[in-house]
Amino acid sequence: GDVMRYFARLALLCAVLLFSVTLQFNVSGGNGNSSSSPRVEELPTEPIVEWMHVLYRLIEAERINPPNAARFYAYAGITTYESLLPGMSSNNTLAGQIPSLPDLPFAESGVTYDWITVHNIAFSTVISNLFLNADPSTYETINTHRNAQIEARTAEVGEEVVENSIGYGDDIGKALLEWIRDDGYSE
């Protein structure tokens, strides 16, 4: 109840602060970012924050206990950071800093990506696999939100950029899921 709500809000606040601070301290350089892809700090933060709200509501609806909820939020934060990393300047991967987190796929040079779509796909891939034996409405909520963001981003940046981003986000999500399995996650 109240304890879980407190920790969930604290985790959401930490994720938003981490994301905001990361955007403010980017300088120049890159991590495999194509010059034609916009930098993350130029993009709206609302789609990322919306996903954290969706996750919070699903954890609450599924009555995930606080230790598992904390793990969900940790995986969600890592997924957010790593999926947006190639669009950030001068930031480093968490691989090597978090035990057993492997190097993740690099963004293909010369390809234009929409980092919000990359995040959308990686995040939805990861969280849908964290909910083991969930109510069908949980998976429906994840898919509905994923598809709504794809539609919105396609209208914003075009189909080709979204398709590139879906492929890369899927690669990131799958690589993170392998690490999550190896990390000993089970609900």
- Query: Does Phe131 have its ring centroid less than 6.0 Å away from the ring centroid of Phe72?
  - Reply: yes
- Pairwise side-chain contact, Ser89 with Arg39, heavy-atom cut-off 4.5 Å (strictly under): yes
With [X], which residues qualify under side chain to side chain contact (heavy atoms under 4.5 Å, CB included), at least two apart?
X: Ala175; answer: Leu104, Pro105
X: Thr154; answer: Ile150, Glu159, Val162
X: Asp183; answer: Arg71, Tyr75, Trp179

- By salt bridge (Lys or Arg N to Asp or Glu O under 4.0 Å) - contacts of Asp170 (at least two apart): Lys174
How many angstroms lie between [atom1] in [X] and [atom2] in [Y], if you round to the nearest 0.5 Å?
X: Leu43; Y: Leu84; atom1: CG; atom2: CG; result: 8.5 Å
X: Ser100; Y: Ile180; atom1: OG; atom2: CD1; result: 10.5 Å
X: Ile142; Y: Phe123; atom1: CD1; atom2: CZ; result: 9.0 Å
X: Asn91; Y: Glu82; atom1: CG; atom2: CD; result: 10.0 Å
X: Thr80; Y: His119; atom1: OG1; atom2: NE2; result: 3.0 Å

- Can you run down the salt bridge (Lys or Arg N to Asp or Glu O under 4.0 Å) pairs that involve residues 126-155, sequence neighbours left out, and say none if there aren't any? Asp114-Arg153
Do the side chain of [X] and the main chain of [Y] share a donor and acceptor less than 3.5 angstrom apart?
X: Asn68; Y: Ile64; result: no
X: Asn164; Y: Tyr113; result: no
X: Glu62; Y: Thr138; result: no

- Query: Side chains of Thr117 and Ser165: donor-acceptor distance under 3.5 Å anywhere?
  - Reply: no
- Measure across Ala76 and Leu55 and return the closest heavy-atom pair with its distance rounded to 0.1 Å. CB-CD2, 3.5 Å
- Task: Sort and list the pairs that fulfil ring-ring contact (aromatic ring centres under 6.0 Å, His included) and have at least one residue in residues 136-163, not counting sequence neighbours.
- Result: Trp51-His145
